[in-house]
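Values below: every heavy atom of this structure, side chains too, minus hydrogens, waters and symmetry copies. Just so it is clear: chains get the letters A, B, ... in the order the sequence lines come, proteins before strands, and each one is counted from 1.
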Protein chains: 2
Amino acid sequence: MTQIRKPRTPASPRHAAACSRPIDRTLDPALFKALGDPTRAVLVACIAKCARPCTVGEVAECCSVDLSVVSRHLSLLARAGILEPTREGRVVRYQVRYASLSGSLRAMAAAIDECCPTPRTRKGTRDGCC
Amino acid sequence: MTQIRKPRTPASPRHAAACSRPIDRTLDPALFKALGDPTRAVLVACIAKCARPCTVGEVAECCSVDLSVVSRHLSLLARAGILEPTREGRVVRYQVRYASLSGSLRAMAAAIDECCPTPRTRKGTRDGCC
DNA sequence: CTAATACTTGCATAATGACGCAAATACGCA
DNA sequence: TGCGTATTTGCGTCATTATGCAAGTATTAG
């Protein structure tokens with residue numbers, strides 16, 4: 001009978017690069033890049049904690065950068081799928097796409113674990129695996 | 001009696017910025033920045049899929065950039081806690097810190113959900129929440 | 001010790017990105 | 001329509017960073 005699970009681990013990085021795995025689709029540099037800026041991370045955390053759609057002006061009060069900068073950051077975060085913009089009269093409110101964001105992060109975590117040769121039967125904390 | 005769970009949601013982003021939550025400590029820009037470069041993301045995925053400690057030279061064969069660039073990227077990823085370097089004679093092997101990395105991502109996911117006002121009783125896919 | 005292999009580091013260059021200011025645009029209201 | 005408020009966009013500047021090449025360092029083999 002043929003192998004049932006897990007496409008066998010490639011012998012070398014060169015070979016590994018050729019074989020497709022969930023991690024290839026999941027580990028999205030664009031998402032990471034969006035959250036990789038300290039200012040943006042603060043903005044996201046701020047809006048997330050506020051737990052409601054916030055206007056650009058409101059958010060700008062949280063950090064020391066210019067409002068125009070905040071506007072650009074929020075726009076970028078929205079383009080990255082992290083925030084959801086809503087025009088409401090003359091204000092624009094941004095809110096965190098909680099489920100989408102945490103879902104992406106969890107999918108990445110799963111994709112990474114999926115590559116780990118030792119399935120770590122729950123609670124295992126050992127890093128590296130082979 | 002006093003409130004039992006969840007520090008009540010702040011009224012404004014300004015107020016939100018002041019109240020500390022898990023997301024503040026968890027959403028680490030440094031980690032995101034490290035994974036935010038496309039080349040580095042490829043390197044991490046490659047080593048992860050290979051599922052064993054890989055040498056710098058081996059990894060360099062996976063991508064089109066110079067070996068010195070790969071060396072720098074791997075070093076940076078190690079400093080970010082994503083890879084674990086091991087000197088082995090004259091080669092240096094890097095391996096993914098699977099548990100640490102997926103653990104961080106899951107912690108972030110949890111911290112984000114923790115902020116979401118609607119607990120989404122399992123399977124909920126709705127974004128935004130209030 | 002010398003040579004060869006594996007990796008790292010110095011340096012210059014080019015690209016990217018964050019920022020502030022000022023001007024432009026969008027929208028509601030009188 | 002004209003005004004005021006809210007946000008976006010153009011532009012210049014400064015800092016960071018990705019990259020390649022060449023030189024330097026580390027480690028093993030002869």
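- Listed in residue order, the members of residues 23-47 of chain A having a heavy atom less than 4.0 Å from DNA chain C are A/Lys33, A/Asp37, A/Thr39, A/Arg40.
- Every residue two or more places apart in sequence or in another chain that forms a side-chain contact (heavy atoms from CB on, under 4.5 Å) with A/Val91 is listed here: A/Thr55, A/Glu88, A/Arg93.
- Mapping B/Leu67 and A/Val69 onto DNA chain C by nearest heavy atom places B/Leu67 closer to the 5' end of the strand.
- Note on residues 33-48 of chain B: pairs passing side chain to side chain donor-acceptor pair (under 3.5 Å), not counting sequence neighbours, are B/Arg40-B/His73.
- With hydrogens and angles ignored, the 3.5 Å screen pairs a side-chain donor or acceptor of A/Ser104 with a backbone N or O of A/Ser100.
- For A/Ser75, the side-chain contact (heavy atoms from CB on, under 4.5 Å) criterion is met by A/Arg79, A/Tyr94, not counting sequence neighbours.
- Every residue two or more places apart in sequence or in another chain was checked for a salt bridge (charged side-chain N to carboxylate O under 4.0 Å, His left out) with A/Arg72, and none qualifies.
- Under the salt bridge (charged side-chain N to carboxylate O under 4.0 Å, His left out) criterion, A/Asp24 pairs with B/Lys49, not counting sequence neighbours.
- Residue-level contact check: A/Ser75 touches neither bases nor backbone, having no heavy atom under 4.0 Å from any strand.
- You can see that DNA chain C meets the heavy atoms of chain B within a 4.0 Å-exclusive cut from C/dA4 to C/dC11, reading 5' to 3'.
- Nucleotide D/dA18 holds its P atom 7 Å from the CG atom of B/Leu76, rounded to whole Å.
- Within the structure, every pair that satisfies the ring pair (Phe, Tyr, Trp, His ring centres under 6.0 Å) test and touches residues 19-63 of chain A, not counting sequence neighbours, is listed here: A/Phe32-B/Phe32.
- Listed by chain and number, the residues in a side-chain contact (heavy atoms from CB on, under 4.5 Å) with B/Cys62 are A/Pro13, A/Ala17, B/Cys46 (sequence neighbours excluded).
- At least one side-chain heavy atom of B/Ile47 sits less than 4.5 Å from a side-chain heavy atom of B/Leu74.
- Within the structure, ring pair (Phe, Tyr, Trp, His ring centres under 6.0 Å) pairs that include any residue of residues 39-64 of chain A do not occur (at least two apart or interchain).
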### Query
How would nucleotides 22-30 of chain D be written as a contact map, 5' to 3', with B for base contact, S for sugar-phosphate-only contact and - for no contact, using protein heavy atoms under 4.0 Å?
B----SBS-
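- Residues passing the side-chain contact (heavy atoms from CB on, under 4.5 Å) test with B/Ala111, sequence neighbours excluded: B/Pro22, B/Ile23, B/Thr26.
- Atom CZ in A/Arg93 sits roughly 11 Å away from atom P in D/dA6 (whole-Å rounding).
- For D/dT8, the OP1/OP2 oxygens have a side-chain nitrogen or oxygen of A/Tyr94 closer than 4.0 Å.
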